[in-house]
Amino acid sequence: MKSINEFDLDEVIRSLSEDRPVFHSEADFQFELARKIEKEYKVDVRLEKPEVFERRIYIDMVLKDGEDKIAIELKYKTKKAEWDINGELFKLTYHSAQDFGRYYYWRDIDRIQKLVKDKGYKKGFAVFLTNDSSYWDKREGNSGDKDFSLDCGRTIEKETYLSWEDGDPRKNQYNPFQTDQEYRLEWKEYGNGKGFKYLICEIDNKRLALHA
C-alpha cells in the first residue's frame with residue numbers, strides 16, 4: 001500500500017470512476033471515495049471530522065498518517081438523469097441554485113486554506129463532481145456571482161478577492177474569500193459516457209502564503 005506522501009487524488013478518482021460511474025448522492029460519493037482510498041493507501045480515513053475556528057465545522061474527509069493530515073471537501077451536484085447499472089437504478093434529481101453551488105465550492109477552498117495555515121494540515125483538496133455543464137461551460141454576460149465562476153480554464157491569481165457583485169443583496173449576507181495561492185480550474189471527464197466531469201483544486205502548504 002502507498003503512503004500518504006504518495007497520495008494522488010486524481011489517480012484515485014480515475015480508478016473510482018471505473019467501478020462507480022455515478023452516485024446516488026454526495027454521501028454515496030463520499031463513502032465510496034473513502035473506501036477506495038483505504039484500499040490503496042496506508043492511512044486512517046475519518047468522515048465528517050470536526051474542526052473549530054470561530055465555530056465548529058465538519059470536514060468531509062480527513063486522511064491521517066501519524067502527524068500528517070490531508071483534508072478533502074466534496075461537492076456532488078446533478079441534473080436530472082436516470083440509469084440502470086447492473087440492475088441498480090440511479091435516479092438523479094436536479095440541483096438548482098448553481099450560483100450557490102459555485103459559492104460553496106470556494107468556501108470549501110477557503111476552509112482548507114485555513115486548515116493548512118492554522119491547523120497543521122499538510123495539504124487539502126476541494127473536489128467538485130457534476131453532470132451539469134453550467135458549472136464548467138464559459139458563461140456570457142454579467143451576474144452577481146461572476147467572481148465565483150468555475151469556468152473550465154479559468155486561472156485565479158493569488159490574493160484575488162472573491163465576492164458577490166456590488167448591489168447584489170447576497171453581498172452583505174455571505175462572506176467573501178481571498179485566495180492564498182493561484183488556482184487553475186481544469187475540469188476532467190469522469191467515468192464512461194454518463195456526462196460527468198470533475199474538478200480538483202489542491203491547496204498545498206508549500207504554496208500558500210503563511211499569512212496575509
Side-chain angles (χ1 to χ4, degrees), residues 8-37 39-40 45 47-48 58-61 71-112 124-156 162 164 170 174 177 183-203:
D8 185 336
L9 182 56
D10 191 62
E11 181 182 76
V12 172
I13 288 179
R14 289 198 305 269
S15 176
L16 178 62
S17 72
E18 297 174 3
D19 302 325
R20 290 294 306 271
V22 64
F23 302 93
H24 295 288
S25 64
E26 186 171 291
D28 185 22
F29 176 37
Q30 179 191 42
F31 179 75
E32 291 296 334
L33 180 61
R35 287 211 308 171
K36 176 66 70 172
I37 291 171
K39 287 179 181 178
E40 299 184 4
V45 180
L47 303 181
E48 303 300 329
Y58 292 86
I59 309 304
D60 288 336
M61 192 180 304
I72 301 176
E73 290 277 47
L74 305 173
K75 288 285 176 284
Y76 182 66
K77 301 293 184 181
T78 61
K79 64 181 183 181
K80 193 172 182 179
E82 186 173 324
W83 296 282
D84 186 309
I85 302 176
N86 299 323
E88 184 175 2
L89 179 63
F90 291 83
K91 195 169 184 177
L92 305 185
T93 59
Y94 174 63
H95 294 152
S96 58
Q98 287 85 352
D99 49 358
F100 282 103
R102 298 180 188 97
Y103 173 84
Y104 286 120
Y105 181 73
W106 284 107
R107 188 185 70 171
D108 285 349
I109 290 175
D110 183 65
R111 283 180 169 181
I112 296 172
F125 300 88
V127 181
F128 203 128
L129 177 62
T130 183
N131 65 339
D132 185 345
S133 63
S134 67
Y135 283 106
W136 65 73
D137 282 344
K138 185 174 178 58
R139 294 184 297 158
E140 302 297 335
N142 294 322
S143 61
D145 69 319
K146 69 178 184 179
D147 275 9
F148 307 116
S149 168
L150 300 177
D151 294 355
C152 187
R154 182 187 180 198
T155 297
I156 301 90
L162 304 178
W164 301 94
R170 295 168 291 190
Y174 296 92
F177 312 117
Y183 296 98
R184 183 166 177 80
L185 308 183
E186 294 292 351
W187 290 85
K188 298 181 180 181
E189 299 288 342
Y190 179 88
N192 51 4
K194 296 294 186 291
F196 280 85
K197 290 188 178 184
Y198 68 96
L199 171 66
I200 299 175
C201 283
E202 179 178 350
I203 298 90

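Given the structure is predicted, the values throughout are model-derived calculations rather than measurements.
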Would you say the side chain of [Y] lies within less than 4.5 Å of the side chain of [X], judging by non-hydrogen atoms?
X    : Y    : answer
L185 : I156 : yes
L16  : E32  : yes
F100 : Y174 : yes
L129 : K75  : no
I72  : I37  : yes
D19  : K36  : yes

In terms of side-chain heavy atoms, does Y198 have a donor or acceptor partner in D10 at a distance below 3.5 Å?
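Judged by distance alone, the side chains do pair up.
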For T130 and D132, test the side chains for any donor-to-acceptor distance below 3.5 angstrom and give the result as yes or no.
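On atom types as modelled, these side chains do not qualify, holding no pair under 3.5 Å.
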Check F196, Y135, W136, Y190 against F128 for a ring pair (Phe, Tyr, Trp, His ring centres under 6.0 Å) and give me the one that passes.
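So the option named by the test is Y135.
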Hey, mind stepping through I85 and K194 against side-chain contact (heavy atoms from CB on, under 4.5 Å) and telling me if it holds?
CA-CA 11 Å; I85 302 176; K194 296 294 186 291; 4.0 Å; yes
R184 side chain vs G153 backbone, donor-acceptor pair below 3.5 Å
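Yes; at least one donor-acceptor contact below 3.5 Å.
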Rounded to the nearest 0.5 Å, how far does [atom2] of [Y] lie from [atom1] of [X]?
X    : Y    : atom1 : atom2 : value
Y58  : E73  : OH    : CD    : 13.0 Å
K79  : S134 : NZ    : OG    : 8.5 Å
D28  : L33  : CG    : CG    : 11.0 Å
C201 : L9   : SG    : CG    : 11.5 Å
E40  : S15  : CD    : OG    : 4.5 Å
I200 : W187 : CD1   : CH2   : 11.0 Å

Using distance only, find each side-chain donor-acceptor pair of residues 87-96 under 3.5 Å and give its atom names and separation, not counting sequence neighbours.
| residue | atom | partner | partner atom | Å |
| --- | --- | --- | --- | --- |
| E88 | OE2 | H24 | NE2 | 2.7 |
| Y94 | OH | Q98 | NE2 | 3.1 |
| H95 | ND1 | T78 | N | 3.1 |

Where do [X] and [Y] come nearest, in terms of heavy atoms and distance?
X    : Y    : answer
S17  : G191 : CB-N, 3.4 Å
W106 : F148 : NE1-O, 3.2 Å
Q30  : D60  : NE2-O, 2.7 Å
Y183 : E202 : CE2-O, 3.9 Å
I112 : G124 : CG2-CA, 3.5 Å
D145 : R102 : OD2-NH1, 3.2 Å

Taking the inter-plane angle between the rings of F177 and Y103 on a 0 to 90° scale, is it parallel (under 30°), tilted (30 to 60°) or perpendicular (over 60°)?
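Ring orientation, 0 to 90° scale: tilted.
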Can you name the residues that form a salt bridge (Lys or Arg N to Asp or Glu O under 4.0 Å) with R170, not counting sequence neighbours?
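Per chain and number, R170 pairs via salt bridge (Lys or Arg N to Asp or Glu O under 4.0 Å) with D99, D168.
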